[in-house]
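Here the structure is laid out as structure tokens; the discussion comes afterwards.
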Amino acid sequence: MTDSAVIYKVKTIDGEVLEISKRAADRSATLIEMLRNCPVDDVENMDPIVLDRAKGTIVKMIIQWCEDHKYQPILKDDKVEHCEEIKNQEKELLKDLDGDGLYDLFEAANWLDVRCLRQKIAKILAAMISGKKHTEIRTIWQLENDFTAEEEAQFSTEDAWNVLVEEMTKREAEKVTENVATPSASTSN
Amino acid sequence: MEGPGSSSQFETNLVDLPRELLMKIFETLPPKHVYKMSRVCRLLNRLIKDDSWWMNQIQRALNGVRLPIAETKDEEFTPFTTRDAIYFEERRWAAIAQETKSITEGSCSHYATIDAVKLFKSSNGARFCITGARDRSLKIFNLDAIKNSPVNKDTWVNKEKEGAHEGWIWSVDLVNEQNELLSAGWDSTVCLWDIDQRPFHCISRKIDAENGAVTGILADEKVAICSRFHSTITIHDINNNLESVGKVRAHQGAITSIAQKGHYIYSYGVDRKLRITDKRNLKEHLSIRNVPNSLNICLNSGLVYLATSSGEVHAYRADNLSPSHNFRVVPDGNAVRQVIKTKGSVLALTQLGGLKSFSLAPAPIEMYSTGKFHCEPCRFDYLAGDVAVGCGDGSVTFWHRPVDL
């Protein structure tokens with residue numbers, strides 16, 4: 001039997017039973033480990049593998065992603081650069097989710113150790129807040145400002161790190177003015 | 001994308017994620033952006049201010065290799081700034097291959113070998129480069145003019161002083177970061193210049209024939225520290241006509257390179273000795289002998305880096321001069337003329353292989369190499385992404401820091 005002909009069954013926390021090909025299942029290091037611990041002789045009549053940490057909707061999406069990518073190389077380590085670009089297929093898959101669903105998918109991809117997917121979602125989440133002010137990030141990620149007024153005031157006078165941050169924001173502001181000012185050789189006296 | 005009350009089938013919130021998973025989002029963002037997020041809420045503040053996370057990021061950036069202990073224990077080391085510097089240097093040297101370099105020629109060039117190069121920024125952010133050459137003149141180049149008028153080279157030189165010395169100019173350094181300049185060289189003379197004036201205005205000049213040619217000069221707050229041809233280190237008072245206020249015989253033979261930090265002066269001489277002299281009493285603090293034949297030393301991040309004549313860079317701990325690590329830059333027979341250690345990279349100027357940049361860590365990876373220059377390069381300087389290389393034919397080659405970096 002070829003790899004793609006072998007179909008495993010998994011059962012989610014909310015009772016849904018889903019199918020996944022062996023080749024796709026190999027993208028989840030967790031599933032590989034689970035199957036290694038309980039070798040399955042008769043795949044067709046096996047009891048479903050219990051995934052007690054994820055719901056049907058999420059697992060379905062992960063299985064779909066794994067099936068779509070089953071012929072692609074698996075990320076060996078966590079090197080950020082190696083993952084290929086997000087393709088249209090995935091864009092749609094992930095667009096269906098709102099913010100919360102994305103966290104669920106992120107956590108499930110982490111637990112099932114599907115590295116490429118986890119990294120993709122990390123990049124999507126990072127893109128959501130890249131370059132945004134801390135006040136905007138609070139809104140986007142629905143985080144509460146739990147600092148006291150004194151603590152907030154202290155941020156401006158804090159350690160040298162803030163100097164770097166100020167420099168960065170100043171440089172970004174300079175870039176804007178540099179683009180509109182006429183380039184003339186700056187003379188000194 | 002999100003509404004105040006999201007669909008009930010999804011339960012997880014960002015703050016519910018395991019901490020390590022949450023930090024995975026930040027791994028893909030520029031370090032400075034991540035740091036900004038420490039102001040969002042307490043949870044993020046705690047996670048982002050965690051030094052061990054930044055140390056982990058440094059290690060991942062360096063392919064799993066740890067930084068030398070001397071570097072991480074140095075008093076000025078912070079994990080965030082080093083991670084950020086590494087990020088900057090990686091991008092800076094990745095960009096240089098597409099850049100156009102500017103090379104001086106004609107009247108804006110020197111007409112003899114350049115031995116001294118120093119980049120600096122004025123208080124309003126304008127960028128300059130000082131060069132001193134064997135044609136006995138000092139020039140100050142305006143980097144913004146070079147960048148904005150690549151063809152009109154007449155605008156490149158901001159100020160110059162011909163006949164600044166009576167012999168080759170070996171070394172320059174800036175006092176107070178911008179408006180005073182020290183120069184020294186073959187004529188055993190130390191000069192202090194006011195560079196705000198046009199032309200240069202000489203504030204004071206001190207001839208000290210007894211100690212021979214000045215091979216290197218450093219500004220150290222109120223004094224100038226000089227390495228001399230006749231084996232001595234001499235100290236001169238900047239505010240009192242460069243009068244000598246100290247002298248010590250530190251080597252057996254010419255001292256070829258000098259550096260300083262805190263209470264200590266580091267010197268290397270033809271006697272192949274690396275010595276630390278205590279500024280407070282000018283006595284020897286520590287020294288090691290039979291060090292590889294070297295042309296230049298650089299003191300940075302708790303380590304002393306040596307540019308060897310056999311094509312390698314050797315690093316020693318700055319506190320006790322024990323060997324830390326070394327790596328080969330070019331094949332033997334090709335000397336490394338100068339080494340500069342930045343917070344995020346190691347830069348080496350070689351005799352026949354041009355300028356090379358390397359990543360940090362005990363086994364650095366080459367990030368970029370200019371390849372052979374049009375003429376043998378002698379001295380370079382690097383400041384926040386700007387590069388200036390002075391050559392044997394009197395020309396200077398500039399690369400400008402990319403705008404979007």
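Naming convention: chains lettered A, B, ... in sequence-line order (proteins, then strands); numbering from 1 in each chain. For clarity, every value in this text was computed on a predicted model and none was experimentally measured.
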Under 4.5 Å to a heavy atom of chain A? For B:L29 that would be side chain
d(B:I25 CD1, A:Y103 OH) to nearest 0.5 Å is 7.5 Å
- Query: Under 4.5 Å between any side-chain heavy atoms of A:F106 and B:L17, yes or no?
  - Reply: yes
inquiry  = Please check: side-chain N/O of A:R138 versus main-chain N/O of B:V40, any donor-acceptor pairing under 3.5 Å?
reply    = yes
(message) With a 6.0 Å cut-off (strictly less than), is the heavy-atom count around CZ of B:R19, excluding the residue itself, greater than 12?
(response) yes
Can you tell me if A:E144 has over 12 outside heavy atoms packed within less than 6.0 Å of its CD? no
Rounding to 0.5 Å, atoms CD1 (A:I137) and CE (B:M37) come to a distance of 5.0 Å
When you compare the side chain of A:E107 with that of B:P18, does any pair of heavy atoms fall below 4.5 Å? yes
Check: So A:N110 and B:E20, side chain to side chain contact (heavy atoms under 4.5 Å, CB included) or not? Walk me through it.
Finding: CA-CA 10 Å; A:N110 185 46; B:E20 302 77 35; over 6 Å; no
Q) Just wondering, are more than 12 heavy atoms of other shown residues or ligands nearer than 6.0 Å to NZ in A:K11? A) no
| Do B:L21 and A:R118 touch side chain to side chain, with heavy atoms closer than 4.5 Å? | yes
Here the gap from A:F147 atom CZ to B:S38 atom OG, rounded to the nearest 0.5 Å, amounts to 7.0 Å
Here the gap from B:K24 atom NZ to A:L125 atom CG, rounded to the nearest 0.5 Å, amounts to 13.5 Å
Item to complete: Give a yes or no answer on whether the side chain of A:D146 reaches the backbone of B:R42 with a donor-acceptor pair at less than 3.5 Å.
Response: yes
